[in-house]
Amino acid sequence: MTTDPPPEPTPGPEELVPPASDLPAADPAARTRGARAAFRRWRRTRPFWATVWTALGGFVIFFLPMAPLGKILQVGVGGIAGMAGGVVLMAMALLMLLLPSQRHTAGVIAVIAGVASFPLSNLGGLFVGMVLSVLGGSMAFAWLPEKPAKRHGGLLRRTRPGAGTSVTPVPPVSVGSGTV
């Protein structure tokens, strides 16, 4: 019969933390650079700027109907439609940011809501909200999650003569509709 060796003792909390002399000096600039680099890596994995432009367009369209009465062009149902369009645009911006795989759907809906805000809400947020939301939706639709792989050789691969590869010509094959 074999026996298992006794378990090794687990270190206590005081043994896990290195002494203060072993810790590197806390450099605020280094922490800031690290945080900016981490944010940059996260930002590049999603359509960040499309989200910013779409949310900004939705914000303009949403809050313009809430302006003082002397500054808005249309009051009533148009104000409610503008607020609803702004909410839809901000929701699409959030969807683009949190679910980058749904960027095509959110981008198309953002463009449609942006263009629909023109007749429904104070000329599309006085054109600013409409332009920003169309820009953001278009950017979201066109965004790619990563750079495409580089192609080596292209469509027609050229070989050097005498490189050890012999090319044998292939006879043409008839694919017509004749009888045999």
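Computed over heavy atoms, backbone and side chain alike; hydrogens, waters and symmetry mates excluded. We're numbering straight along the sequence, starting at 1.
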**Request:** May I ask you to decide if P100's main-chain N or O and R103's side chain share a donor-acceptor pair within less than 3.5 Å?
**Result:**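 Checked: pair present.
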Roughly how far, to the nearest 0.5 Å, is the [atom2] atom of [Y] from the [atom1] atom of [X]?
{"X": "T32", "Y": "D27", "atom1": "OG1", "atom2": "CG", "result": "8.5 Å"}
{"X": "R46", "Y": "L97", "atom1": "CZ", "atom2": "CG", "result": "6.0 Å"}
{"X": "I61", "Y": "F59", "atom1": "CD1", "atom2": "CZ", "result": "12.0 Å"}
{"X": "I109", "Y": "F141", "atom1": "CD1", "atom2": "CZ", "result": "12.0 Å"}

Do [X] and [Y] land in one hydrophobic cluster if side-chain heavy atoms of ILVMFWY residues count as linked below 4.5 Å?
{"X": "V52", "Y": "W42", "answer": "yes"}
{"X": "L99", "Y": "L94", "answer": "no"}
{"X": "M92", "Y": "L98", "answer": "no"}

**Request:** Output, in order, the C-alpha distance, side-chain angles, deciding distance and verdict of side chain to side chain contact (heavy atoms under 4.5 Å, CB included) for T54 and M96.
**Result:** CA-CA 9 Å; T54 304; M96 288 177 218; 3.5 Å; yes
**T45 to W143 - nearest heavy-atom pair and separation** =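 What the structure gives for the nearest pair is O-CH2, 3.4 Å.
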**Message:** Show the nearest heavy-atom pair for residues F62 and M83, with the distance to one decimal.
**Reply:**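 In this case the closest contact between F62 and M83 is CD1-O, 3.2 Å.
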Contacts table for residues 126-138: side-chain donor-acceptor under 3.5 angstrom, sequence neighbours left out:
residue, atom, partner, partner atom, Å
S133, OG, G129, O, 3.0
S133, OG, M130, O, 3.0
S138, OG, V134, O, 2.8

**Request:** Tell me, please, which residues at least two apart from A113 pass side-chain contact (heavy atoms from CB on, under 4.5 Å).
**Result:**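 V88, L89.
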**Item:** Residues in side-chain contact (heavy atoms from CB on, under 4.5 Å) contact with A38, at least two apart in sequence or another chain
**Value:**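 So A38 forms a side-chain contact (heavy atoms from CB on, under 4.5 Å) with R41.
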**Asked** Should we say atom CZ of F48 is surrounded by more than 12 heavy atoms from elsewhere, each under 6.0 Å from it?
**Response**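 Correct, the count exceeds 12.
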